Amino acid sequence: QVQLVESGGGLVQPGGSLRLSCAASGSRVSMYVLGWYRQAPGKQREPVASIYVPSATSYADSVKGRFTISRDAVKNTAYLQMNSLKAEDTAVYYCYAKFRGNAEPSYWGQGTQVTVSS
C-alpha cells in the first residue's frame, strides 16, 4: 500500500513557474514509478511526466523542454518543476504510483489545481 500527498498547486501568470511535490509513504516506495497525470475541464486525464530513477524519465510532448521531473530517494518525494507555463497547462494535476511495467497507476494522490491565467 502506498499513500501519496500532493502540494504546490496554485494560480500563476502565463510564463510563470510552479513546483509540485508528491510525498509517497508506505511499503517499497522505491520500487514504484512516480509521476503525474492532469485533467482539464471537459477533457480526459492525460499523462504528463514520470520517473523511476533519474535516468528513466518520460514526458508528454506538450511539456517537453518546459517541465522537469525529479525524485528524492531519501524523502520518497517526486517533484514536477513547471516553467514557461501556458493557459493550456491549466488542469488538476494528479500524482500517481505504479509498478514499473504496469500500464496503469495503482495509487493516486488527491489532486492539486494549477491555474495559468493573467
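The structure displayed is predicted, hence computed values, not measured ones.
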Fill in: More than 12 heavy atoms from other groups under 6.0 Å of CD on Q44
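No, because the 6.0 Å sphere around CD of Q44 holds 12 heavy atoms or fewer from other groups.
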Discussion item. According to ring pair (Phe, Tyr, Trp, His ring centres under 6.0 Å), who are the partners of Y37, at least two apart in sequence or on a separate chain?
Written reply: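 For Y37 the ring pair (Phe, Tyr, Trp, His ring centres under 6.0 Å) partners, ignoring immediate neighbours, are Y96, W108.
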Provide the full list of disulfide bond (SG atoms under 2.5 Å apart) pairs with a residue in [range], sequence neighbours left out, each pair given once.
| range | answer |
| --- | --- |
| residues 26-85 | none |
| residues 52-88 | none |
| residues 38-78 | none |

Shared ILVMFWY cluster between [X] and [Y], side chains joined below 4.5 angstrom?
| X | Y | value |
| --- | --- | --- |
| V63 | V114 | yes |
| V53 | L34 | no |
| L85 | Y59 | yes |
| Y94 | L80 | no |

Practice prompt. Just grab all the salt bridge (Lys or Arg N to Asp or Glu O under 4.0 Å) pairs involving residues 42-65, residues at least two apart or on different chains.
Written response: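 Qualifying pairs, neighbours excluded: R38-E46, D61-K64.
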Discussion item. Suppose the criterion is salt bridge (Lys or Arg N to Asp or Glu O under 4.0 Å): which pairs have a residue in residues 92-108, not counting sequence neighbours?
Written reply: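 Residue pairs passing salt bridge (Lys or Arg N to Asp or Glu O under 4.0 Å), neighbours aside: none found.
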Distance-only criterion, 3.5 Å: show the donor-acceptor pairs between side-chain atoms of residues 67-75 and protein atoms not counting sequence neighbours.
residue, atom, partner, partner atom, Å
R71, NH1, Y32, O, 2.7
R71, NH1, I51, O, 3.3
R71, NH1, Y52, O, 3.1
R71, NH2, V29, O, 3.0
R71, NH2, Y32, O, 3.0
D72, OD1, V74, N, 3.0
D72, OD1, K75, N, 3.0

Could you list the donor-acceptor pairs under 3.5 angstrom formed between side-chain atoms of residues 9-28 and any protein atom two or more places apart in sequence or on another chain?
residue, atom, partner, partner atom, Å
S17, OG, N83, OD1, 2.9
S25, OG, Q3, OE1, 3.4

Practice prompt. Please report the closest heavy-atom contact between P47 and A60, naming both atoms and the distance.
Written response: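 What the structure gives for the nearest pair is O-CB, 3.5 Å.
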Worksheet item: Between Q110 and L4, what is the shortest heavy-atom contact and its length?
Response: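 What the structure gives for the nearest pair is OE1-O, 3.8 Å.
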Fill in: By side-chain hydrogen bond (donor to acceptor under 3.5 Å, both in side chains) - contacts of Q39 (at least two apart)
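By the side-chain hydrogen bond (donor to acceptor under 3.5 Å, both in side chains) rule, Q39 matches no residue at all.
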Worksheet entry | Partner residues of S58 under the side-chain hydrogen bond (donor to acceptor under 3.5 Å, both in side chains) criterion, sequence neighbours left out |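 Result, side-chain hydrogen bond (donor to acceptor under 3.5 Å, both in side chains) vs S58: S50.
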Worksheet entry | Audit row: D89, M82, side chain to side chain contact (heavy atoms under 4.5 Å, CB included) steps and yes/no | CA-CA 9 Å; D89 294 317; M82 305 184 293; over 6 Å; no
